[in-house]
Every structure is written in structure tokens, then in C-alpha cells.
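To start, the structure itself, in C-alpha cells.
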Amino acid sequence: MNATSTPPPVDYVSRAPRAPEGEFDLRGLWPTPGPIELDVGFGRGASLFHRAEAAPAARLLGIEIKAKWATKVAERAQRLGLDEIQIFCGDAREILTRAGPVACVERVFVHFPDPWWKKRHLKRRVVGDAFLDAVSRLLVDDGELFIQTDVPDRAEIYRDSLVVHRDFALAGDDGWLERNPYAAASNREERAARDGLPVRRLLARRRVR
Ligand SMILES: C[S@@+](CC[C@H](N)C(=O)[O-])C[C@H]1O[C@@H](n2cnc3c(N)ncnc32)[C@H](O)[C@@H]1O
């Protein structure tokens with residue numbers, strides 16, 4: 001390659017770590033047991049790295065549909081020797097239906113899941129009824145689902161879906177939280193804080209079976 005030629009595009013799709021085929025056991029992703037937490041659509045991954053620091057015992061699985069971010073974050077975690085962070089590239093809505101066993105996950109984070117926030121994009125949203133069913137199957141009794149967004153209409157839609165879902169109970173009086181209590185800010189959260197954008201945060205717990 002001479003000094004003026006453009007480097008070939010990086011093939012993130014073939015490098016990205018994938019979930020196993022068929023049904024699989026989440027507990028087998030780490031060499032030693034610990035409380036399992038999921039970060040759905042982690043993007044550039046700040047929330048995963050912050051969480052690894054804040055909760056060293058947690059076994060963190062990030063699922064991201066974009067191959068570029070899944071690859072970069074997985075490679076960074078490896079470089080830093082953070083074995084507690086595992087990454088799958090793919091659609092979390094599909095992967096979670098194949099994950100098991102029932103009641104093995106302590107906590108699920110969904111930070112700013114709204115790249116397509118217009119009304120006509122509502123059908124593409126990650127946090128829909130099928131996703132909530134998959135999460136409720138995986139969460140332990142009293143396990144936590146934390147969702148935050150800077151799209152106010154979506155926050156209301158997520159809350160309404162949680163209110164009618166038989167397996168979830170909103171935390172506190174109404175489910176809304178002032179702050180992210182997990183010491184694990186996502187990239188978009190950091191940007192919203194810098195830009196002074198309001199963020200709506202919801203916490204729900206899996207009802208006891
Ligand atoms: C608005 S970004 C937020 C990224 C990060 N959570 C943050 O707060 O900075 C939404 C992320 O969700 C990812 N995403 C969207 N749909 C997804 C799906 N079905 N499964 C996994 N990731 C998804 C997108 O690729 C994108 O990285």
C-alpha cells in the first residue's frame with residue numbers, strides 16, 4: 001500500500017463475536033459463577049466498562065446489533081483483560097429467546113434504546129412485548145429491568161408496557177427514577193448530561209414466581 005491509497009474497509013461482520021446456535025446456557029459464558037447482568041444495545045460500550053468497575057463480581061453480557069461496536073467493545077474488553085465482559089453481536093430480541101435457564105439473570109440494562117425514535121419507527125423498537133417476555137423469563141425473582149431514554153414519548157410507552165405486563169412491578173411509587181443508581185453511565189447518557197438533555201429512567205422488578 002502506498003502513502004495515498006485508502007486502507008481496505010474493516011470486516012467487522014466476520015470478526016464480531018456471535019451467540020451460540022440454538023438454545024444455550026448463559027452461565028457457561030464465564031469460567032466462574034457470579035450475578036449475571038445484561039446490557040442490551042450497548043453501542044460504544046461505556047456502560048459495560050463502568051459497570052465492570054462498579055460491580056466487579058458481576059458477569060456482564062452485552063448484546064449489540066451493530067458489528068462494528070460489538071467487535072470494538074469485545075476487543076477492548078479482551079485487551080484490558082476484563083473476562084467478566086462477554087459480547088454477542090446480534091438482535092437481542094432474538095438471542096434472548098434462546099438463552100437460558102429460566103431465572104438466571106439478576107439485572108437487565110437498556111440504555112437509550114431509541115435510534116429510530118419517530119412514530120413511524122415504533123414497530124422497530126427493541127423494548128416491546130416479546131422482549132419483555134424474554135426478559136421476564138430470564139430474570140430471577142425481584143430481578144431488575146432498568147430502562148433509560150431521552151425520548152419522552154418512548155419512556156411513556158415503555159412504562160405503559162410494564163404496567164400491563166403480568167410479570168413486572170414498577171419500583172417505588174411509579175417506576176420513575178431521578179438518577180441512574182448503578183454507577184454505570186452509557187455514552188449517550190454522558191452526552192445527554194453534557195448537553196443538559198432531560199433523561200427519563202424506569203426501574204421495574206420481576207414479580208416473585
Ligand atoms: C441510541 S443507541 C444507545 C447506545 C448505548 N446504549 C448508549 O446509551 O450510549 C441504541 C443502540 O442499540 C443498538 N440496537 C438497536 N436495536 C438492537 C437490537 N435489536 N439488539 C441489540 N442492539 C440493538 C443500536 O445498534 C445502538 O447501538
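Start at 1 and go down the list; that is how both ligands and their atoms are numbered.
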Do side-chain atoms of [X] reach the backbone of [Y] as a donor and acceptor pair under 3.5 angstrom?
X    : Y    : value
R207 : F168 : yes
R200 : V151 : no
R93  : R125 : yes

Do the side-chain N and O atoms of T32 and R59 include a donor-acceptor pair separated by under 3.5 angstrom? yes
Contact (N/O only, under 3.5 Å) between [X] and ligand 1:
X    : answer
A92  : yes
V40  : no
P113 : no
D114 : no
W69  : no

With ring centroids as reference points, do F24 and F88 lie under 6.0 angstrom apart? yes
Which residue, V135, V108, V110, L145, forms the side chain to side chain contact (heavy atoms under 4.5 Å, CB included) with L38?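 One option only clears the test, and that one is V108.
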Short version for D91: what comes under 4.0 Å of ligand 1, heavy atoms counted, is both
Please answer: with hydrophobic residues joined when any side-chain heavy atoms are less than 4.5 Å apart, are L60 and F112 in the same cluster?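 Per the 4.5 Å side-chain linkage, L60 and F112 are not co-clustered.
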Would F109 and N180 count as a side-chain contact (heavy atoms from CB on, under 4.5 Å) here? Give the steps. CA-CA 11 Å; F109 299 111; N180 174 346; 5.8 Å; no
Which ligand 1 atoms are under 4.0 Å away from a heavy-atom of [X]?
X    : answer
F112 : 1 (C), 2 (S), 3 (C), 8 (O), 10 (C)
S186 : 7 (C), 8 (O), 9 (O)
N187 : 9 (O)
G90  : 20 (N), 21 (C)

With a 4.0 Å cut-off on heavy atoms, is I63 in contact with ligand 1?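 True for this residue.
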Any E189 heavy atom less than 4.0 Å to ligand 1: no
From the options R125, E94, E190, E64, select the one whose nearest heavy atom is closest to atom 24 (C) of ligand 1.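 When every heavy atom of R125, E94, E190, E64 is considered, E64 comes closest to atom 24 (C) of ligand 1.
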Which option out of V126, I65, V110 puts a heavy atom nearest to atom 22 (N) of ligand 1? I65
Does the pair S136 and D133 meet the rule for a side-chain hydrogen bond (donor to acceptor under 3.5 Å, both in side chains), with working shown? CA-CA 5 Å; S136 85; D133 290 345; 5.2 Å; no
